S.K.: 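The structure that follows is given in the form of structure tokens.
Nothing here was measured: the structure is a model prediction, and the numbers come from that model. Naming convention: chains lettered A, B, ... in sequence-line order (proteins, then strands); numbering from 1 in each chain.
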Amino acid sequence: MTLQQTQGKGTDDWSQMSDLKYLEGLNTAQQEAVNCLEGPLLIVAGAGTGKTRTLVTRLAHIINLGLARPYEILAVTFTNKAANELKLRIQSLTGIDPLELSWVGTFHSMAAKILKIEAERIGLNSNFTILDDNDQTKIIKDLLKSKDITPEEIPPRMLTGQINKWKNDAKTPSNLTKQDKELFQDRAEILYQSYQRELLQSNCVDFGDLLLHVVTLFTKKADVLKTYQDKFFYIMVDEYQDTNICQYQMLRLLTQRKEKNICCVGDDDQAIYSWRGARPQIMLNFSEHYKDAKIIKLEENYRSTKHILGAGVGLIKQNLMRHDKTLRVGLPNTDHANKIRIHAFDELFAEAKFIGKAIRKLTTTGLNGRTFSYSEIAVAARTWAETADIEECFFEMKIPYRVIGGPKFFDRKEIKDVMGYLKVSHNPLDNFSLARIINTPTRGIGKITHQKISFYASEHNISHLEAARKLVLDKGLASASSTKLGKFLELLEEGSRKLNDPTLLLSNSINTLVSEIGYRDYLVKNYPENFEERIENVVKLSDMAGRYETLAGFIEQAGLMNAEEDPDDHSNDQVSLMTLHACKGSEYPAMYLIGWYEGGLPLSRTIEERYQVFSPFVYKLAMSLLYNPPKITLERRRFLDLAKFVLEEKPGEKSDRDNLGKTLARMILRGDGMKFSKEVETLAKKITTSEAIEEERRLAHVGITRAKELCVISYNQVNMFRGQFISGLLPSRFINELPNDDVEHYVKERLSSREFLGPRSVPQQNKIQNGRRSFTPKADKTNSISEGDRVLHKVFGKGSVIASSNNRLLIKFDNNQEKLILNDFVTLL
DNA sequence: TAATCAAATGTTTTT
DNA sequence: CATTTGATTA
Ligand SMILES: Nc1ncnc2c1ncn2[C@@H]1O[C@H](COP(=O)(O)OP(=O)(O)OP(=O)(O)O)[C@@H](O)[C@H]1O
């Protein structure tokens, strides 16, 4: 086997020892990493090079050598899925029960654990509630309303987003910079502070708090920090490129001690979480953060066959802001392996149908004599919306599948309602949950009563629940309201007593509560279409809770859970369906990557972001040059017309300070419109790319590199968006960027009897055409429609003007479709 | 206060 | 197209 070759001959003593057998599965570099047990160590390496395998082996080695007990090792990752996988891999290598690995998990769950122990040190009770995104926005909304700030003044989303950003950057309200404080009309600090105060009053924390509170604690309370420094002999971090500043500070504080036994592994080409504050630079600066750090690179990929790896590497090389790295095929005999297959469709549902049929084929007749089981196949999409058709198709074709980390079970209304009761029972200070359940099911307790409670509570500085109790006793309400509220409180008290009674079965107590409050009737009445499903979900919830001993245990887990139950059906033979984000860290023999069209991947938002800098026309020109250069005379004329148009276009308020757009046009017009110099291409590339686009490219790279044997990429030129039909979608630029030798293009099945054609020319698009006639610049005074206006078109409906120039408007219609239209053909709304 | 209907709105990815 | 928000009525 080629494996022996890479492993090298110089077998050291330790690999001879029988109880160190697990080292044999590693190559020299990997073994070096495993044997580097002291001091800071960073493993940077590309996809499939065995980083996780090395990390797991190193952990096993540490335990095996008696250097630390399982519970003395802190091993963190970023997603629940990765954490579970890590535990399983450790278990299969060492036989250690995952329950013993108390400090292996996600950053957030580890932080929650610490916070639970140290709660009082930071002004919380250990039974704090963890808020999710929706709770958070709701609280912010109410907060803004209570301060008489309209959503126009400060959009709640914006404030929520900003607060989360601050938390990711480890900024408490008092830590804000001058610039930060100037946000929201100088009210940033006050708003952030009042939000924090409210959470603390309700004994709640949001996701960001979990980490930030721990950092604050470690910073302010030396004894607490010391406890954990002494506790964690070894620290390991997987996917280190996804660390944010807050997480980094947490690690940094823990390693401010004599033994800096920290080992991080990561790959900057797989950094896909910058939107939640991750800073890949933290990984790249490792040796500055940790003096005498050892850095090990792994360069053999043991996962993918030749063309898959070739395509993945070829694609990621297109990123301008990148450190190059070597990645070799480590698997033997992959010269005749499958090329990446690319399929295009132009009918609704065609893509999904194709995937369904293809999977059926793979599992029955197989491919080149190899049949796949369902569990060897995965389908990954950029967004959950893209998976809907696939799911429907699988359902119809009876293909077994499971959704990984899908739209969250705990986000459903009925679940949140019931959870509200549980949360209040567990944490009576939780005013937010109380607000949710006080009139659910409707029991005649309206806005006014709730306002009175809230007012009374803040006046006496007590919780809302306490205030409600007092108001009922003191007859501080209208008698009708008082009776209703009293009844509710009784119900809650009784339910709470049962839920917290350890001698009763948790699931039984939940069932009792649900029937006591008449929740089923409420569902039947309010959701006649799908009450059955909702009731089922409630039952599922109580079953789930039944696996826990105590209410506290269940609530703590539930706060951080987002996947649907997993344990039982892991062994089942099912196709996996997930997002590109969720597939990182996994591998599958066959990968289907769907929705590779411009706007899908890369996502339209990341493209449009670029319109802030360059006019859409400049962008189109650059895109056309790079990915769809003119071939026939007609195309060339249109292309040159567009260049002329760009040259004469008014600058507008685009921030293209260097006027790269006009430079590009000028360079193009100097040539023949057929052949382009490297220089022009470089410029076009500069215009079309951005940090966001590069992150999309990394996402595409992650998708491809999950595949072991077969990788199929597809897209559909037509789509439904918010109920409207859109057509003329272009293939993703990432498809064009794949090395020709590694791909095979398949033409739309229904159009061709032939199976295979060479690199396909892009089909005629009706997206933005460069205009039929020439763009003769004319002063557009006919009607004064300008950027941002809402307009109506006979056929395409309503839309907003993105750009206007010379009698033409680039309009983004409400169905998300962009079109270039003459001024006279639309009316101003 | 609850129920009903018209109108507006829509963050993509995860803890 | 869904789902949520707002306005109006019972
Ligand atoms: N030395 C080796 N010999 C043979 N196979 C190996 C070796 N090291 C790793 N592998 C296999 O290669 C595959 C990829 O390993 P692993 O998942 O650890 O890589 P990774 O670097 O974490 O990948 P990614 O960053 O893409 O998640 C796995 O199937 C693993 O079992």
Side-chain angles (χ1 to χ4, degrees), chain A residues 76-83 105-112 130-134 136-138 141 151 155-158 160-161 164 167-168 205-212 239 242-244 246-247 271-278 380-388 404-408 410-413 439-450 478 480-481 484 522 525-527 529-530 559-563 578-584 595 599-609 692 695-696 698-699 702-703 719-726 798 814-816:
Chain A
V76 284
T77 60
F78 293 85
T79 63
N80 289 313
K81 188 168 169 272
T106 63
F107 261 107
H108 291 267
S109 65
M110 298 300 96
I130 299 172
L131 301 170
D132 68 23
D133 270 0
N134 299 322
Q136 210 188 353
T137 3
K138 206 155 145 219
K141 249 186 210 163
R157 277 198 198 299
M158 201 179 266
T160 318
N164 288 337
K167 292 188 175 175
N168 287 333
V205 298
D206 61 28
F207 284 121
D209 280 339
L210 286 172
L211 303 167
L212 187 49
E239 312 280 15
D242 290 330
T243 321
N244 66 34
C246 195
Q247 290 159 337
I272 54 177
Y273 281 106
S274 72
W275 50 273
R276 68 174 215 205
R382 172 68 241 259
T383 65
W384 285 111
E386 304 268 357
T387 65
I404 296 193
K408 303 162 193 174
F410 285 92
D411 273 357
R412 292 181 201 172
K413 267 174 250 119
N439 199 33
T440 319
T442 49
R443 46 173 74 87
I445 302 174
K447 225 198 228 152
I448 305 211
T449 312
H450 193 244
S481 311
K484 289 175 194 159
Y522 166 79
K525 197 160 156 201
N526 288 277
Y527 304 96
E529 296 88 29
N530 62 353
L560 294 165
M561 259 197 278
N562 85 139
M578 59 201 153
T579 61
L580 286 170
H581 281 89
C583 75
K584 185 163 62 128
L601 179 76
L603 208 61
S604 47
R605 258 190 99 107
T606 59
I607 299 171
E608 280 153 24
E609 219 177 73
E695 182 146 317
E696 296 288 303
R698 288 193 289 271
L699 217 35
V702 166
N719 204 349
M720 286 301 264
F721 185 79
R722 288 188 198 156
Q724 273 168 320
F725 181 80
I726 30 176
K798 292 181 195 174
D814 292 349
N815 65 6
N816 220 20

S.K.: Show the numbers, then the answer: is there a side-chain contact (heavy atoms from CB on, under 4.5 Å) between A:Glu695 and A:Thr606?
M.R.: CA-CA 9 Å; A:Glu695 182 146 317; A:Thr606 59; over 6 Å; no
S.K.: Listed by chain and number, what are the salt bridge (charged side-chain N to carboxylate O under 4.0 Å, His left out) partners of A:Glu386, not counting sequence neighbours?
M.R.: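 Scan of A:Glu386 (salt bridge (charged side-chain N to carboxylate O under 4.0 Å, His left out), adjacent residues dropped) gives none.
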S.K.: Taking only residues two or more places apart in sequence or in another chain, which ones pass side chain to side chain donor-acceptor pair (under 3.5 Å) with A:Gln247?
M.R.: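 None.
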S.K.: At under 4.0 Å between heavy atoms, what does A:Phe78 touch on the DNA or RNA strands: base, sugar-phosphate, or nothing?
M.R.: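 The answer is sugar-phosphate, as A:Phe78 gets under 4.0 Å only of primed atoms, P, OP1 or OP2.
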S.K.: Please list, chain by chain and in numerical order, all residues satisfying side chain to side chain donor-acceptor pair (under 3.5 Å) with A:Asp242, sequence neighbours excluded.
M.R.: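 Here the qualifying residues are A:Lys584.
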S.K.: What string of B, S and - do you get for nucleotides 1-10 of chain C, 5' to 3', when a contact is any protein heavy atom under 4.0 Å?
M.R.: B--SS-----
S.K.: Quick one: is A:Thr579 getting a side-chain N or O under 4.0 Å of the B:dT14 phosphate, OP1 or OP2?
M.R.: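 Result: yes.
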S.K.: Rounded to the nearest 0.5 Å, how far apart are CZ of A:Arg698 and CG of A:Leu580?
M.R.: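 Result: 13.5 Å between the selected atoms.
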S.K.: Would you find a donor on one side and an acceptor on the other, under 3.5 Å apart, between the side chain of A:His581 and the backbone of A:Ile272?
M.R.: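 Between the backbone of A:Ile272 and the side chain of A:His581 there is a qualifying donor-acceptor contact (under 3.5 Å).
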S.K.: Look at all strands and tell whether A:Phe721 reaches a base, only sugar-phosphate, or nothing, counting heavy atoms closer than 4.0 Å.
M.R.: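 Nothing: the residue A:Phe721, judged by heavy atoms under 4.0 Å, touches no strand.
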S.K.: Under 4.0 Å: is that the gap between some side-chain N or O of A:Trp275 and OP1 or OP2 of B:dT14?
M.R.: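 So the side-chain polar atoms of A:Trp275 never come under 4.0 Å of the phosphate oxygens OP1 or OP2 of B:dT14.
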S.K.: Using atom CD of A:Glu609 as one end and atom C1' of B:dT11 as the other, report the distance to the nearest whole Å.
M.R.: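 Interatomic distance, CD of A:Glu609 to C1' of B:dT11: 12 Å.
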S.K.: Closer than 3.5 angstrom, by distance alone: can the side chain of A:Lys81 be matched with the main-chain N or O of A:Ala582 as a donor-acceptor pair?
M.R.: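 Present.
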S.K.: Of all residues at least two apart in sequence or in a different chain, which pass the side chain to side chain contact (heavy atoms under 4.5 Å, CB included) check with A:Pro441?
M.R.: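 A:Pro441 satisfies side chain to side chain contact (heavy atoms under 4.5 Å, CB included) with A:Tyr421, A:Arg443, A:Ile517, A:Tyr519, A:Tyr522 once adjacent residues are dropped.
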S.K.: List the protein contact pattern of nucleotides 1-8 of chain B with one symbol per nucleotide (5' to 3'): B for base contact, S for sugar-phosphate-only contact, - for none; contact means a heavy-atom distance under 4.0 Å.
M.R.: SSS-----
S.K.: Any donor-acceptor pair under 3.5 Å joining the side chain of A:Arg382 to the base of B:dT13?
M.R.: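 Side chain to base: pair found, below 3.5 Å.
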